[in-house]
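Order of the sequence lines fixes the chain letters, A, B, ..., with proteins taken first and strands second; residue numbering starts at 1 for each chain.
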Amino acid sequence: MSLSDYESVIGLEVHCQLKTRTKAFCACPVVFGAEANSSVCPVCLGYPGVLPVINREMVSLALRVALAAGCEIAPESVFARKNYFYPDLPKGYQISQYDRPLATGGGLTVTTPEGEKFIRLTRIHLEEDAGKSMHEFPWEDVSASSSLVDLNRAGTPLIEIVSEPDLRSGDEAYEYLVKLRRLVRWVDASDGNMEEGSLRCDANVSIRRKGETTLGTKVEIKNLNSIAHVRRAIEHEAARQAESLDKGRPVVQETRLWQPDSQTTRPMRSKEEAMDYRYFPDPDLGTLVVSRDWIDEVRRSLPELPEARGASLASRHGLSPQDAALLTLSRPFADAFERAVSFHPANPKGIANWLLSEILARMSDADRQAGKIPVPAENLASLVSRIDDGTISGKIAKELLALMIDTGKTPDDLITEKGLRQVTDEGLLGDTVRKVVEANPQQVAAYRGGKAAAFGWFVGQVMKATGGKANPAVVNQLLRQALDAPQEG
Amino acid sequence: MPEATLLLDGSGLELARRVSQGEISAVEVAKAALARAEEARRRHGSFLFLDPDVTLRQASTVDQRLSAGEKLPLAGVPLAVKDNINVAGLPSTAGSRILEGFTSVEDATCVARLVSAGAVVVGKANCDEFGMGSSNENSAWGPVKNPWDESRVPGGSSGGSAAAVAAFSVPLAIGTDTGGSVRQPAALCGLVGWKPTYGRVSRYGLIAFASSLDQAGALARSVTEAAVAFSVMAGADPRDSTSLPTPAPDVLGSLGDGIAGLRVGLLAEAESAEGGLDPDVKVSLERTAEALRQAGASVRTVSLPRVNLAIDVYYLTATAEASSNLARFDGVRYGRRVEGEDLGDLYRRSRSSGFGPEVKRRILLGTFALSAGYHDAYYGRAQKVRALLKRDFDRAFGEVDAILCPTSPEPAFEFGSKTEDPLAMYLADVFTVSPSLAGIPAISVPSGLSSRGLPIGMQFIGPADSEPVLFRLARAVEEWSGFPAFKAAGAIR
């Protein structure tokens, strides 16, 4: 059998760092890239006698994501201790949620080649992060190997977002993560940056023959550090499992580690080696009660969600659903569009086109995710309005955009400074047209002899002669007059 | 004898009054208490760490605050703090080798409240390792002798706290009570000792043994001193999520109200307690009940059908929580560290040499009770029975205001008499673990001496927030027994 005879069944567990000012259970600021062990206190160091106190902001941010994903919020949820030993886990247990999570149900819609597909969520629960271990293992002197621990990250608030096994390919997983990342950013709950670790993903992958309804044996893949790696790791793992089954070897339940360098997975631990975390309710933290009022307050503070925003952009500004959806790439991006439209309400379509082509092309991947456009929205509006009122040509506008990005100046200042104003004066342009026509008798003859394409060549010559500033419509009109004029004598 | 030393022979409240009135400075009192604590440490092993610098600095602060016009209910009162409670700048080992060399960086909330009320920490008191024990024989730093009979244990786990007060080195000590660790040593050393409603006194700064059971309490030679300590220690703490947000009940206002009309339930299961009841204790229980009747209370028998399961539930719950709470002692960040071949070896060596046998036993028990495949049968079932036990109490408190039973089934026992049999030791807690499991308050008060001249303690258990009633009942027993007039043979005079 070939890979195409199998179907992949994928569920993702995504850890998402919440953008709180302080840690989950103490008052230490959440820092990134600070000096090691500089944002720690007796509580997050796990000193004897300390106690955790829940950060309400953590719960509010988690509620934002859960409500945005349509989850059911548990009025009462319970923190549990996940017990294991590791030097970057100061208490010897992680405070998490186990059998009574904050939120259940809900889901995200992803776009697949077969159309829209709803990916269900199992749950969203709260937990704290561990610290970071750094291992030094000098090959030239293995005895000098050492490990260092930075506990700045210990106690940082996370949510774990667990999907149902509804994904069927690496592409779908990719789409799901893109949508999930947009969502957590859209509601200001997380930076959603996978490379910096604020979004982390483990994938559960199994395969089964197409048409079968029972699940195959699943393999968990860890160490997926980018959305692209998630896609590749899933594809690789599905192929590995198919090959194994084809050789008559059943898939073994285990945890495997993705190795980006070789683009393969290797075994990490088997089912037998699976940890017994000995979960039990954390007696230091009472039941987490989330009142109806709290939920309502969070719900009221949520921005219009991406799908609704897209639909509203399309209907209010006469955009195609596709363009509207693209404008909801991120909330700042959609905001920039609407802000630009507020300065130049006459042409939302034009502004959308500029954003989705020229502007987007000049944005890095990080800028796209953050929706950070390279010029202020009012300058973009001004640029489009100057095209619309004939001050500049579309061609000049592209150059102008580059200047705007480089200098930060407004289009009007740059048009004046660089003399980019479009020439529409028929007398001025008439002279240039006459000169071009007179200087090129062969081309004139060719055109008049029926070679219509030569017209474009004349336009180009005029534009060149005017430094691109000529109004193309006027040039066209004057050229037609000059070339199509009745022959004299 | 200097006046300060004489003051230590009396009530802490009288001492506070004299210091407040400027008759004597807190520093002078502290010096006298330090001398007695040093003597107590040598004679009974009740203190582990004394640091005159810290103590005298605190005392001098009290003198300054008094001269600035502050009113301090515990002005200059020397205080012993159990070694599993943090005091900034003093070592805290919780009686364990694994915390050897560890110094606390901040005060526990209950310590801070006492210090703020004028108390002066004289030193850290010996205890069973991590509060695990009923005889103080499980301390890594050696046993504590009972000042009433130095061949006998002071009880545990707050044995050092109890012995320190019974020996008159300090008038007040605090301890932690997870399943009786304040009340039982109070009983065995002839003191008043209370454990509050769960959440009434902050746990912040208590080195956790079993978080759902641990509470701080105080030990004193009289009910009034113990009640003042309650009024100072009780109260909400934003740093403890399990602390009660409601105002603490006032125990001082009603202390002199007597007990006429109170309904007391004599625990029916007391006599049939597993492990038996010492005849002297049985007699004292009956006499106490009669004394309460004489003082105007009604006494009837009440039954807690599941009280005999309490030991089982307690030792599953407490050990499960302990197995997790003690995971942080791994040799990585503080305390004892024994280097090894690799990380696992470092953990094994540090923990194997750092924990004593009883602690290891409980970590293993608790780990087992929580492990996959056994979790539901042990930890899970224990929680269900715990809920049923609470219901037994609720039902009983529909009929009575408080339940009376002995604190300990027997007076102080001899060293080594139970160390070979952990189960026999666990039965010493048969009467004290139930209120801990139910999260309700209880107080132990001396009811007399046994035929051997050893103190016997009676316990009152009440519903949540019934501390005012419990202190009144204890006061009635105290008035009847006249116990504060008795003095341990080993008291430092």
Side-chain angles (χ1 to χ4, degrees), chain A residues 25-27 37 40-56 79-95 98-99 131 133 135 137 142-143 145-149 151 154 271 274-289, chain B residues 84-86 92-94 96 99 102 104-109 130 199 202-208 210-214 237-243 317 320-321 323-335 343-344 346-347 351 366-375 379-380 383:
Chain A
F25 300 107
C26 66
N37 298 309
V40 294
C41 72
V43 175
C44 57
L45 288 174
Y47 266 46
V50 301
L51 294 171
V53 176
I54 180 78
N55 178 348
R56 311 267 301 172
F79 288 100
R81 293 186 183 177
K82 180 179 181 178
N83 296 284
Y84 66 94
F85 283 96
Y86 206 68
D88 61 22
L89 189 70
K91 300 185 296 296
Y93 57 83
Q94 179 194 26
I95 303 176
Y98 184 54
D99 51 2
S133 298
H135 306 289
F137 196 74
V142 172
S143 68
S145 64
S146 65
S147 295
L148 294 169
V149 177
L151 294 173
K271 187 188 175 190
M275 306 256 244
D276 179 358
Y277 292 117
R278 309 191 320 277
Y279 282 100
F280 73 103
D282 190 336
D284 287 336
L285 291 159
T287 303
L288 174 62
V289 177
Chain B
N84 63 350
I85 302 176
N86 286 323
S92 286
T93 70
S96 181
L99 273 171
F102 177 79
S104 297
V105 294
E106 53 188 349
D107 281 340
T109 300
F130 290 105
S202 171
R203 287 188 297 119
Y204 193 87
L206 272 55
I207 299 178
S211 312
S212 76
L213 299 157
D214 292 344
D237 180 8
R239 295 209 286 182
D240 175 1
S241 310
T242 62
S243 121
T317 305
E321 293 181 15
S323 72
S324 175
N325 281 332
L326 271 56
R328 67 187 61 196
F329 306 110
D330 58 6
V332 173
R333 282 147 299 128
Y334 49 75
L343 177 64
L346 178 143
Y347 284 155
R351 288 169 67 84
T367 302
F368 178 74
L370 286 174
S371 60
Y374 301 96
H375 185 286
Y379 178 79
Q383 299 324 298

**Student:** Name the one of A:Phe85, A:Tyr84, A:Tyr86 that satisfies ring pair (Phe, Tyr, Trp, His ring centres under 6.0 Å) with B:Tyr347?
**Tutor:**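 When ring pair (Phe, Tyr, Trp, His ring centres under 6.0 Å) is applied between B:Tyr347 and each of A:Phe85, A:Tyr84, A:Tyr86, only A:Phe85 qualifies.
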**Student:** If I take atom CG from residue A:Asp284 and atom CZ from residue B:Arg203, how far apart are they, to the nearest 0.5 angstrom?
**Tutor:**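 Between atom CG of A:Asp284 and atom CZ of B:Arg203 there are 4.5 Å.
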**Student:** Could you look at B:Leu343 and say if it's the side chain, the backbone, both or neither that has a heavy atom under 4.5 Å from chain A?
**Tutor:**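 Looking at B:Leu343, just its side chain touches chain A.
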**Student:** Will you find, in the side chains of A:Tyr93 and B:Arg328, an N or O donor that is under 3.5 Å from an N or O acceptor?
**Tutor:**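 A donor-acceptor contact under 3.5 Å links the two side chains.
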**Student:** Given heavy-atom pairs under 4.5 angstrom as the criterion, report whether the side chain, backbone, both or neither of B:Ala372 touches chain A.
**Tutor:**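 Both backbone and side chain.
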**Student:** Please state whether the side chain, the backbone, both or neither of B:Ala94 comes within less than 4.5 Å of a heavy atom of chain A.
**Tutor:**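 Contact with chain A: none, neither part.
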**Student:** Quick one: what part of B:Thr367 sits under 4.5 Å from any heavy atom of chain A, side chain, backbone, both or neither?
**Tutor:**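 Both backbone and side chain.
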**Student:** Roughly how far, to the nearest 0.5 Å, is OH of A:Tyr47 from CD1 of B:Ile207?
**Tutor:**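 These two atoms lie 12.0 Å from each other.
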**Student:** Checking heavy atoms, do the side chain of B:Leu99, its backbone, both or neither come under 4.5 Å from chain A?
**Tutor:**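 Side chain only.
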**Student:** Is a donor on one side and an acceptor on the other found under 3.5 Å between the side chain of A:Asn83 and the backbone of B:Ser324?
**Tutor:**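 No, because the side chain of A:Asn83 does not come within donor-acceptor range (under 3.5 Å) of the backbone of B:Ser324.
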**Student:** Are the side chains of B:Tyr204 and A:Val43 in touch, meaning some heavy atoms are under 4.5 Å apart?
**Tutor:**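 Contact flag for B:Tyr204/A:Val43 side chains = yes.
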**Student:** So, A:Arg278 and B:Ser371: side-chain donor and acceptor under 3.5 Å apart, yes or no?
**Tutor:**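 Result is no, nothing qualifies.
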**Student:** Side chain from CB out, backbone as N, CA, C, O: work out which of these in B:Tyr379 comes under 4.5 Å of a heavy atom of chain A, or both, or neither.
**Tutor:**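 For B:Tyr379, the side chain is the part near chain A, not the backbone.
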**Student:** Is it the side chain or the backbone of B:Asp214 that comes within 4.5 Å of chain A heavy atoms, both, or neither?
**Tutor:**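 Contact with chain A involves no heavy atom of B:Asp214 at all.
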**Student:** Heavy-atom cut-off 4.5 Å, strictly under: side chain, backbone, both or neither for B:Asn86 against chain A?
**Tutor:**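 B:Asn86 touches chain A through side-chain heavy atoms alone.
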**Student:** For the candidates B:Ala208, B:Ser323, B:Gly205, which exhibits the highest count of non-hydrogen atom pairs separated by less than 4.5 Å from chain A?
**Tutor:**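 With the most close heavy-atom pairs to chain A, the winner is B:Gly205.
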